[in-house]
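Lettering of chains follows the sequences in order, A, B, ..., and the numbering in each one begins at 1. Please read these numbers as outputs of a predicted model, since none were measured by experiment.
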Amino acid sequence: MQYWLMKSEPATFGIEHLKTCPQRTSMWDGVRNYQVRNMLRDDFKKGDLAFFYHSSCPAPGIVGMVEICCTGYPDPTAFIPSHDHYDPKSRRESPSWYVVDVKFKRDFELISLDELRQHAALADMQVLKRGNRLSVTRISPEEWTCILSLR
DNA sequence: GCCAACGTTGGC
DNA sequence: GCCAACGTTGGC
């Protein structure tokens with residue numbers, strides 16, 4: 001059982017979108033970064049929990065919690081030529097990219113980036129480090145508990 | 001395998 | 001829209 005933080009741009013796919021999906025569950029597709037791919041493919045397990053983070057928006061921060069529904073499987077959008085996430089280098093026999101399914105668990109009143117930075121116990125979180133570009137990062141159990149205690 | 005150029009991310 | 005940071009690409 002592991003904890004994660006998953007970033008998404010709310011204009012593209014925010015937590016409000018997730019809540020309108022059937023079973024409030026969606027594929028987390030479109031990851032095109034190898035470090036994140038490796039985590040989705042190798043490390044994510046059914047039952048893991050993740051914070052849902054809104055980035056590249058007026059109020060960046062944690063807005064909710066999701067549960068991981070399955071281990072990673074090949075990203076089907078990479079195989080569809082007309083899709084925005086199409087990647088001709090990804091083949092069905094040797095997929096380049098992976099997804100997991102995530103299910104909505106709960107909302108938070110926004111825990112802003114600024115608020116996260118105010119807690120020394122969270123200072124090591126990758127999402128707070130400058131230059132961080134990973135859309136998925138690990139959260140330690142201590143960090144998870146600390147963030148939950150904020151709401 | 002080096003490294004410069006380029007593209008993307010994401011807070012501000 | 002700026003710009004720092006850093007991943008990716010491709011020539012050599």
Side-chain angles (χ1 to χ4, degrees), chain A residues 2-21 26-44 48-68 71-140 142-151:
Chain A
Q2 298 181 94
Y3 300 108
W4 306 93
L5 182 144
M6 302 174 82
K7 285 195 290 198
S8 185
E9 300 184 17
T12 305
F13 187 84
I15 195 149
E16 298 308 318
H17 293 96
L18 180 60
K19 283 198 279 187
T20 66
C21 293
S26 173
M27 208 167 56
W28 196 270
D29 64 331
V31 167
R32 297 292 180 267
N33 169 283
Y34 289 107
Q35 290 179 66
V36 176
R37 185 278 309 271
N38 291 347
M39 290 190 276
L40 292 173
R41 185 189 60 190
D42 304 332
D43 300 332
F44 271 64
D48 286 355
L49 294 172
F51 289 125
F52 195 123
Y53 181 98
H54 282 173
S55 66
S56 294
C57 59
I62 291 170
V63 294
M65 185 196 296
V66 298
E67 179 174 353
I68 308 307
T71 52
Y73 61 94
D75 186 342
T77 67
F79 304 134
I80 303 169
S82 61
H83 200 284
D84 279 352
H85 299 152
Y86 177 59
D87 180 356
K89 294 196 295 293
S90 184
R91 303 308 188 85
R92 289 181 190 276
E93 61 273 20
S94 59
S96 299
W97 307 114
Y98 281 72
V99 298
V100 294
D101 293 344
V102 302
K103 181 178 176 62
F104 174 83
K105 289 280 281 185
R106 59 168 287 194
D107 288 309
F108 293 109
E109 182 195 336
L110 175 72
I111 305 174
S112 69
L113 183 55
D114 188 57
E115 182 174 355
L116 293 170
R117 289 194 202 282
Q118 289 168 20
H119 297 275
L122 302 177
D124 287 338
M125 283 177 62
Q126 270 179 286
V127 75
L128 301 185
K129 297 195 172 162
R130 60 194 292 238
N132 170 63
R133 308 176 44 137
L134 300 180
S135 61
V136 171
T137 51
R138 293 173 193 278
I139 299 277
S140 75
E142 293 76 16
E143 289 161 347
W144 181 269
T145 303
C146 176
I147 292 166
L148 279 184
S149 75
L150 302 177
R151 290 294 180 274

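A side chain to side chain contact (heavy atoms under 4.5 Å, CB included) with I111(A) is found for one member of V63(A), L116(A), L148(A) and no other, namely L116(A).
Side-chain atoms of P95(A) and F79(A), non-hydrogen and from C-beta on, do get closer than 4.5 Å to each other. For the pair F44(A) and V136(A), the minimum side-chain heavy-atom distance is below 4.5 Å.
Atom NE2 of H85(A) and atom P of dT8(B) are 13 Å apart (whole Å). Atom CG in L134(A) sits about 17 Å away from atom P in dT8(B), given to the nearest Å. For the pair E9(A) CD and dG10(B) P, the computed distance is 7 Å after rounding to whole Å. One interatomic measurement links the two molecules: NE2 of H54(A) to P of dG11(B), which rounds to 12 Å at whole-angstrom precision. Distance OH (Y34(A)) to C1' (dC6(C)): 16 Å, rounded to an integer number of Å. Taking atom CG of N132(A) as the reference point, atom C1' of dG7(C) lies 12 Å away to the nearest angstrom. Counting to the nearest Å, the P atom of dG10(B) and the CD1 atom of I62(A) are 15 Å from each other. When the P atom of dC12(B) is taken as reference, atom CG of D114(A) falls 8 Å away, rounded to whole Å.
Residue R133(A) has its side chain nearest to dA5(C) when only dG7(C), dG11(B), dA5(C) are considered. Ranking dA4(C), dT9(C), dG7(C) by closeness to the R130(A) side chain, first place goes to dA4(C). When distances are taken from the side chain of R117(A) to each of dC12(B), dG10(B), dA5(C), the shortest belongs to dC12(B). Taking the side chain of S55(A) as heavy atoms from C-beta on, and the options dG11(B), dG7(C), dA5(C), the nearest nucleotide is dG11(B). Closest to the side chain of N33(A), out of dG11(B), dT9(C), dG7(C), is dG7(C).
For Y34(A) and W97(A), the ring centers are positioned less than 6.0 Å apart.
Between Y53(A) and dT9(B) there is no side-chain polar atom (N or O) within less than 4.0 angstrom of OP1 or OP2.
Ion pairing between D75(A) and R32(A) holds under the 4.0 Å rule for side-chain N and carboxylate O.
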